[in-house]
2 protein chains.
Amino acid sequence: MKVTIKDVAELAKVHKSTVSRVLNNSNDVKEKTKQKVLQAIDTLGYSPNFAARSLASGKSHIIGFVVSEQQISDVVMNPSFPTILKGITTYAEELGYNILMITSVDNDYKSYEQVIRKHAVDGFIILGSTIQIDLNELLIQQGIPYIFIGKHHESADESYVGTDNIEGGYIAAKHLIDLGHTDIRLMVGQVRSQKILSHNIDRITGFKKAFAEAGLSFRDDYIVKTPTDMETGYHFMRTYFTSHEPSAVILSNEVMAMSCINYLSDERPDLLERMSIVTFGDSDFFRHLRPPLTTVSQHFEWIGRTAVEMLASQIAEDDMSTKAVVRKPDLVIRSSSKRK
Amino acid sequence: MKVTIKDVAELAKVHKSTVSRVLNNSNDVKEKTKQKVLQAIDTLGYSPNFAARSLASGKSHIIGFVVSEQQISDVVMNPSFPTILKGITTYAEELGYNILMITSVDNDYKSYEQVIRKHAVDGFIILGSTIQIDLNELLIQQGIPYIFIGKHHESADESYVGTDNIEGGYIAAKHLIDLGHTDIRLMVGQVRSQKILSHNIDRITGFKKAFAEAGLSFRDDYIVKTPTDMETGYHFMRTYFTSHEPSAVILSNEVMAMSCINYLSDERPDLLERMSIVTFGDSDFFRHLRPPLTTVSQHFEWIGRTAVEMLASQIAEDDMSTKAVVRKPDLVIRSSSKRK
DNA sequence: TTGTACGCGTTATCAG
DNA sequence: CTGATAACGCGTACAA
């Protein structure tokens with residue numbers, strides 16, 4: 001039934017080890033016997049067994065993809081998730097890796113820890129903040145490399161691939177300032193701990209920088225902490241826009257953008273009409289929304305690909321060093337931002 | 001560095017095999033030695049090695065999740081994808097399985113075939129049509145169980161978990177008929193081969209049934225074949241609604257719904273206002289769109305969970321039999337469908 | 001260049 | 001109830 005390396009060896013009249021050599025492109029194998037072996041492999045339809053290979057080589061050629069958000073839905077439901085996933089899986093497969101999904105980190109992260117401990121994967125790509133799930137020490141102890149994408153601890157010494165959020169906050173604000181706006185709000189999510197995550201802190205920095213450059217004075221209430229789910233976000237928008245009417249707002253993610261647009265179009269079409277809106281997110285997604293939103297567009301597919309690339313090289317070279325790679329976002333201008 | 005079963009055995013002063021027994025809950029082990037072993041495992045922080053276990057047991061406890069659409073983006077970008085993925089991963093992890101993603105099936109399905117051949121997973125859940133990718137024979141030959149979700153070959157004898165689309169087409173049409181509509185269109189996607197996929201054929205069947213029941217006559221042009229991507233779909237809508245003004249339309253998926261809504265709100269707000277719209281999809285998703293769409297809502301999370309459940313039991317019992325499970329969809333009524 | 005022999009960490013089959 | 005021993009399928013020094 002199942003054909004092993006032994007069968008191939010017998011058919012090709014060589015020893016198992018020779019078969020193993022051609023399998024691994026070992027240079028020292030005569031062309032003629034190589035052909036014999038290849039021939040045998042072909043007629044038998046042989047494929048090396050995964051478990052046996054992993055055991056012998058100590059590598060599984062699997063990358064774990066951890067989705068670790070307070071609410072997993074927040075991440076998975078996020079429109080950028082598919083883009084990242086696609087970037088990761090397709091590039092991983094190009095490099096001969098497969099992707100193991102690890103998602104139910106919200107209940108208990110037993111599954112994640114198990115995957116680490118039993119050495120089922122060669123490395124991890126971790127999406128989302130890990131404020132409450134800190135298994136990094138374990139990873140280091142076990143010698144398993146890992147890379148964060150999307151968010152990361154501001155201070156920690158971790159490998160990271162992401163977007164230059166200072167630049168993002170800057171170009172968003174500068175764009176609006178150039179259009180004549182001065183009364184601009186930056187709406188950012190807040191985590192349960194009331195803390196603002198590092199990527200938003202960076203955006204605020206960039207935001208302030210644009211104000212300073214333009215000689216405008218910054219006010220603390222330009223930064224608005226906003227709920228990150230659709231439901232409460234919607235109600236928050238109602239409360240906020242009842243007492244405030246800024247001439248422009250910047251939303252820090254897709255969910256907020258939807259909440260804002262929905263509320264305004266439901267109850268304040270006048271405000272929606274005259275207020276300028278800029279959002280952080282994925283330009284492809286917002287392209288199909290109405291109104292079309294000016295977007296600080298992150299390179300999600302690039303992030304996925306880059307993370308895989310870095311991780312694969314770290315795995316190959318047993319390299320546990322850390323490095324951070326960020327890329328500047330693009331500003332995609334659409335009709336939601338207009339001259340004041 | 002790495003602690004193995006041998007270390008545990010030595011510390012507990014028993015033989016490896018005894019350790020293995022407590023690991024696998026073999027009943028035949030004295031309580032006292034069991035405690036000793038457990039103790040040793042704990043102090044050493046031991047976890048059984050994944051590869052070794054797979055090799056010896058012949059099971060990897062990994063389920064392959066294959067996303068096989070003509071255009072992978074169509075599926076992954078589909079708003080229901082995260083819901084299905086969540087259903088699958090969380091339930092799989094409950095059962096002690098991990099999920100291996102296999103997505104780049106659009107270029108070449110080498111990766112998929114490799115995963116099959118090297119026996120990296122115990123079974124497959126396959127999302128989307130497999131009209132051009134037919135590795136089922138190989139799966140059967142290798143004795144690997146698999147289950148389709150979402151779509152499947154109409155005739156083939158395959159395990160399948162999905163939605164009762166006849167019922168779906170029926171309730172959509174009946175709802176509109178009850179509201180007084182008679183001039184109703186059902187817009188369905190067509191594949192490259194010009195063929196309509198089985199799930200849409202079923203919906204058409206249900207659609208006709210509702211017409212028949214109401215004593216209304218059905219016309220062939222009530223069924224409208226529509227492009228399935230956002231871009232060409234949008235242009236199609238323009239062409240179509242320039243020459244047709246039905247009083248109600250039923251859209252067969254999220255992308256079409258977006259195309260339709262976008263076009264109408266851009267250029268035909270009058271028509272959007274008076275035409276009734278019903279869509280197939282995920283009610284959670286459409287809840288946040290404007291206008292809120294009446295939705296034939298599929299139970300995507302249930303589909304994921306059920307598929308995992310079925311597959312896990314087939315794996316455990318070496319059961320290669322096939323069975324189909326379908327569930328009736330719900331009709332979630334929102335403001336887009338109105339009395340004529 | 002190719003064959004031999006052993007090890008990878010578990011599970012499973014037998015005895016005892 | 002527990003210990004010894006043989007697979008599981010492959011990689012790899014070490015010989016030849």
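Numbered from 1 within each chain, the chains take letters A, B, ... in sequence-line order. Note that the structure is predicted; figures quoted are calculated from it, not measured.
In this structure, a donor-acceptor pair under 3.5 Å is absent between the side chains of A:Q141 and A:E137. Under 3.5 Å, the side chains of B:T322 and B:E158 contain no donor-acceptor pair of N or O atoms.
For the pair B:Q35 CD and D:dT2 P, the interatomic distance rounds to 12 Å; values are reported in whole Å. Atom NE2 in B:H15 sits roughly 5 Å away from atom C1' in D:dA4 (whole-Å rounding). Between A:K16 atom NZ and D:dG9 atom P the separation is 10 Å, expressed in whole Å. The interatomic distance linking B:K118 (NZ) with D:dC10 (P) rounds to 13 Å, in whole Å. A straight line from CD of B:E10 to P of D:dT2 spans 18 Å, rounded to a whole angstrom. Distance NE2 (A:H119) to C1' (C:dC8): 14 Å, rounded to an integer number of Å. Put simply, CD1 on A:I5 is 13 Å from C1' on D:dC8, counting in whole angstrom units. Look at NZ on A:K6: it is 13 Å from P on C:dT4, rounded to the nearest Å.
Residue A:V19 is classed as having no contact, given no heavy-atom separation below 4.0 Å to the nucleic acid. Backbone-only engagement by B:T4 is indicated by non-hydrogen atom pairs under 4.0 Å involving sugar-phosphate atoms exclusively. If you check every strand for non-hydrogen atoms under 4.0 Å, B:T33 touches sugar and phosphate atoms only.
Contact between the side-chain N/O atoms of A:R53 and the OP1/OP2 oxygens of D:dG9 is not found at any separation under 4.0 Å. Considering only side-chain N and O atoms, A:S20 lies under 4.0 angstrom from the phosphate OP1 or OP2 of D:dG11. Of the side-chain N and O atoms in A:R21, none sit less than 4.0 angstrom from OP1 or OP2 of D:dT12.
In summary, B:E309 and B:R305 do not engage in a salt bridge, as defined by a charged side-chain N under 4.0 Å from a carboxylate O.
Relative to the side chain of A:S17, the nucleotides D:dG9, C:dA12, C:dG3 differ in distance, and C:dG3 lies closest. Minimum atom distance to the side chain of B:L55 is reached by D:dC8, of the listed D:dC1, C:dT11, D:dC8. Among D:dG3, D:dC8, C:dG3, the nucleotide with an atom closest to any side-chain atom of B:A56 is D:dC8.
In terms of position along DNA chain D, the nucleotide closest to B:S57 lies nearer the 5' end than the nucleotide closest to the other residue of the pair A:S57 and B:S57.
The shortest side-chain heavy-atom distance between B:V308 and B:E94 does not fall under the 4.5 Å cut-off. Between A:I125 and A:Y146 the shortest side-chain heavy-atom distance does not fall below 4.5 Å.
Between B:Y97 and B:H61, the distance from one ring center to the other falls under 6.0 angstrom. Residues B:F124 and B:Y112 place their aromatic rings such that the two centres sit under 6.0 Å apart.
A:T306 is linked by a side chain to side chain donor-acceptor pair (under 3.5 Å) to A:W302, counting only residues two or more places apart in sequence or in another chain.
Scanning residues 37-50 of chain B for heavy-atom distances under 4.0 Å to DNA chain D yields an empty list.
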